[in-house]
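Have a look at the structure below before the remarks.
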Amino acid sequence: GTILLLFLAIFGLVFFVATGHAIRFVAHLLARGLLKKDICPVCRAEGTLEPASTGQPNEIEAGTRLCRACGAAYLATGAEAEDDMVRYASPARQAAPA
């Protein structure tokens, strides 16, 4: 009985990790589609995306886009950019409390 529970837990973990990767992949695909249409995936505002730039080379990954409306930042892959990567680049995020 104990060995069975151990194997069930191991295979359950593999299942949930694989499901998490699949969900992340689909979310990135959907975000990329919206980014191509110049729509923010977070607030759905149109025409508010602009290239992220801090004026310092290599600080922000190429292709990162910021939303002027909500401050969300997305990489070219569709993944959401890390907060500490863009926090000083976005006026909307600077105004928000940490």
Side-chain angles (χ1 to χ4, degrees):
T2 306
I3 299 292
L4 178 66
L5 284 178
L6 176 68
F7 282 109
L8 281 176
I10 290 171
F11 289 119
L13 179 63
V14 169
F15 171 76
F16 285 112
V17 168
T19 302
H21 285 291
I23 290 171
R24 190 175 313 116
F25 175 75
V26 170
H28 289 184
L29 280 179
L30 294 173
R32 271 199 312 252
L34 290 172
L35 291 170
K36 285 181 184 177
K37 297 176 186 174
D38 202 30
I39 298 172
C40 175
V42 175
C43 69
R44 302 290 198 255
E46 292 186 39
T48 60
L49 295 172
E50 61 187 22
S53 174
T54 62
Q56 299 171 1
N58 300 324
E59 283 286 333
I60 295 179
E61 189 173 327
T64 301
R65 299 179 69 193
L66 288 171
C67 177
R68 289 187 310 262
C70 70
Y74 277 87
L75 303 176
T77 62
E80 194 164 4
E82 297 294 325
D83 275 344
D84 37 334
M85 212 166 97
V86 293
R87 75 183 118 105
Y88 51 84
S90 170
R93 289 209 174 183
Q94 287 174 355

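All of these numbers come straight from a predicted model, not from anything done at the bench. These values consider heavy atoms only, across backbone and side chains, with no hydrogens, waters or symmetry-generated copies.
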Query - Set of residues satisfying salt bridge (Lys or Arg N to Asp or Glu O under 4.0 Å) with respect to R32, sequence neighbours excluded - result: none
**Report entry** ILVMFWY cluster, Y74 and L49 together (side-chain gap under 4.5 Å)
**Finding:** yes
Let me check something: any side-chain donor-acceptor pairs from residues 7-19 under 3.5 Å, sequence neighbours excluded? List them with distances.
{"from": "T19", "atom 1": "OG1", "to": "F15", "atom 2": "O", "distance (Å)": "2.8"}

For a quick test of your reading: what N or O donor-acceptor pairs under 3.5 Å do the side chains of residues 35-48 make, sequence neighbours left out?
{"from": "D38", "atom 1": "OD1", "to": "R65", "atom 2": "NH2", "distance (Å)": "2.9"}
{"from": "R44", "atom 1": "NH1", "to": "P41", "atom 2": "O", "distance (Å)": "2.4"}

Report summary line: So CG of L29 and CG of L34: to nearest 0.5 Å the spacing works out to 11.5 Å
